[in-house]
Amino acid sequence: MPPSSASPSAAEAKPGASGGVQSLERAFDLLERMADAGGEVGLSELSTSSGLPLPTIHRLMRTLVACGYVRQQPNRRYALGPRLIRLGESSSRLLGTWARPFLARLVEETGETANMALLDGDEIVYVAQVPSRHAVRMFTEVGRRVLPHSTGVGKALLAHHPAEEVRALLARTGMPAATDKTITDPDRFLEALADVRRLGYAVDDNEQEIGVRCLAVPVPNSPTSAAISISGPTGRVTEASTDKIVPVLQDVAAQLSVALANQTPA
């Protein structure tokens with residue numbers, strides 16, 4: 001890591017509430033806030049959302065810029081930097097490795113392809129998959145990125161976000177139609193998210209690809225926003241099969257949550 005020209009004050013270097021170094025806790029909190037805001041923010045926005053004084057934020061941001069984890073834009077705003085990409089890719093691969101045994105259980109119990117996806121900025125990225133054993137099966141390339149409004153995992157991941165954050169995300173992505181079944185109206189999408197909260201699972205019914213139905217649930221208490229799903233032909237993933245599949249999804253998500261909390265593979 002390149003050396004920083006900015007050194008934390010004595011107050012910032014003291015132990016934080018969690019027993020860690022306060023300046024580190026604050027720096028990671030700022031990075032999280034930047035990600036939540038879409039990846040680019042101004043210092044005043046960070047000060048308002050974090051409650052930290054501007055001089056403290058400025059010192060922390062200078063250090064993050066010097067290390068390459070944040071970059072300053074020509075408009076003087078700050079954006080997440082390229083060094084985070086390598087960390088994120090490595091973390092996603094590890095998360096996918098941990099998830100595969102749980103996805104294999106989903107395939108065993110439901111017969112359909114199982115996936116794990118994360119919310120990365122405004123996009124959904126698939127980090128793990130175990131394919132169905134059926135000759136006719138769904139396949140999504142690991143690493144593929146899609147917009148959340150047309151996917152079951154996207155709905156599962158956004159269901160508990162504040163409505164104003166969801167609307168802002170949808171405004172940035174534009175809600176293009178992947179099929180004639182895709183929800184392209186923000187109000188209808190928010191209604192769909194209310195259904196997810198009420199039912200405890202999300203459905204993609206021909207919205208990403210005609211002939212494909214997907215059921216998804218979030219992974220509770222995941223260190224990053226994550227969801228798992230099964231996907232298959234509409235002839236197999238029917239309304240009747242949903243009542244059997246959803247409890248399996250929820251049980252596997254709970255087991256995966258425990259494994260991630262313990263940071264050990266199944």
Side-chain angles (χ1 to χ4, degrees), residues 28 31-40 69 79-104 106-107 112-131 137-161 165-166 168-179 182-183 189 192-193 196 201-204 207-209 212 214-231 249 252-253 256-257 259-260 263 265:
F28 284 118
L31 290 173
E32 292 281 354
R33 291 178 186 278
M34 291 179 71
D36 291 342
E40 181 179 318
Y69 296 115
L80 296 176
R83 284 181 68 90
L84 291 171
I85 296 173
R86 182 169 63 91
L87 298 181
E89 289 176 344
S90 297
S91 177
S92 294
R93 283 195 298 269
L94 183 57
L95 195 58
T97 299
W98 281 342
R100 282 187 62 82
F102 298 90
L103 299 184
L106 272 179
V107 175
E112 302 299 343
T113 295
N115 313 281
M116 182 177 187
L118 309 179
L119 182 62
D120 183 19
D122 291 347
E123 297 178 315
I124 297 298
V125 57
Y126 289 90
V127 297
Q129 181 181 86
V130 175
R137 60 192 179 190
M138 302 304 104
F139 178 78
T140 299
E141 182 181 359
V142 172
R144 182 188 179 197
R145 291 175 174 269
V146 296
L147 296 179
H149 71 282
S150 60
T151 64
V153 285
K155 292 174 188 174
L157 288 168
L158 292 178
H160 295 283
H161 283 229
E165 289 185 12
V166 175
L169 183 153
L170 298 176
R172 291 191 296 268
T173 64
M175 300 186 75
T179 75
T182 305
I183 299 173
F189 187 73
L193 296 189
V196 175
Y201 65 94
V203 182
D204 158 16
E207 296 163 52
Q208 178 65 30
E209 185 176 348
V212 177
C214 170
L215 304 173
V217 299
V219 178
N221 304 313
S222 175
T224 188
S225 295
I228 59 174
S229 68
I230 64 92
S231 56
L249 271 169
V252 171
L256 177 56
S257 174
L260 293 176
Q263 297 187 349

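- Between His149 and Pro176 there is a side-chain heavy-atom pair separated by less than 4.5 Å.
- The heavy-atom pair separating Ala79 from Met34 by the smallest distance is C-CE, 3.5 Å.
- Rounding to the nearest 0.5 angstrom, the gap separating the CG atom in Leu215 from the CD atom in Glu112 is 9.5 Å.
- The two atoms that bring Ala216 and Leu249 nearest to each other are N-CD1, 4.1 Å, heavy atoms only.
- Taking the side chain as every heavy atom from C-beta outward, Gln208 and Ile124 never approach each other to under 4.5 Å.
- With contacts defined as side-chain heavy-atom distances shorter than 4.5 Å, the pair Leu106/Phe102 does not qualify.
- Taking OH from Tyr69 and CG from Leu31, the interatomic distance works out to 9.5 Å, rounded to the nearest 0.5 Å.
- For the pair Thr113/Val107, no side-chain contact is recorded, criterion being any heavy-atom separation below 4.5 Å from C-beta on.
- Remark: side-chain polar atoms of Arg100 are paired, donor with acceptor, to backbone N or O of Gln129 under 3.5 angstrom.
- Between Leu147 and Asp122, the closest side-chain pair of non-hydrogen atoms is not below 4.5 Å.
- In this structure, Ser225 contributes its side chain and Leu157 its backbone to no donor-acceptor pair below 3.5 Å.
- For the pair Asn115/Val153, no side-chain contact is recorded, criterion being any heavy-atom separation below 4.5 Å from C-beta on.
- Residue-environment remark: CD (Glu32) stays at or below the threshold of 12 foreign heavy atoms within 6.0 Å.
- When side chains are defined from C-beta on, Leu169 does not count as touching His161, because their heavy atoms never get closer than 4.5 Å.
- By the salt bridge (Lys or Arg N to Asp or Glu O under 4.0 Å) test, Glu40 is found to be paired with Arg77, residues two or more places apart in sequence or in another chain being considered.
- Within the 3.5 Å criterion, the main-chain N or O of Asp204 finds no donor-acceptor partner in the side chain of Lys155.
- Annotation for Ala99 and Ala128: closest pair CB-CB, 4.5 Å, computed over non-hydrogen atoms.
- The side-chain heavy atoms of Cys214 and Thr151, taken from C-beta on, include no pair separated by under 4.5 Å.
- Nearest heavy-atom pair across Leu256 and Val219 is CD2-CG2, 4.0 Å.
- The side-chain hydrogen bond (donor to acceptor under 3.5 Å, both in side chains) search around Arg145 returns Asp120, Glu123, not counting sequence neighbours.
- Residues Phe189 and Ile183 come closest through the heavy atom pair N-CG2, 3.6 Å.
- The shortest heavy-atom contact between Thr182 and Thr179 is OG1-N, 2.9 Å.
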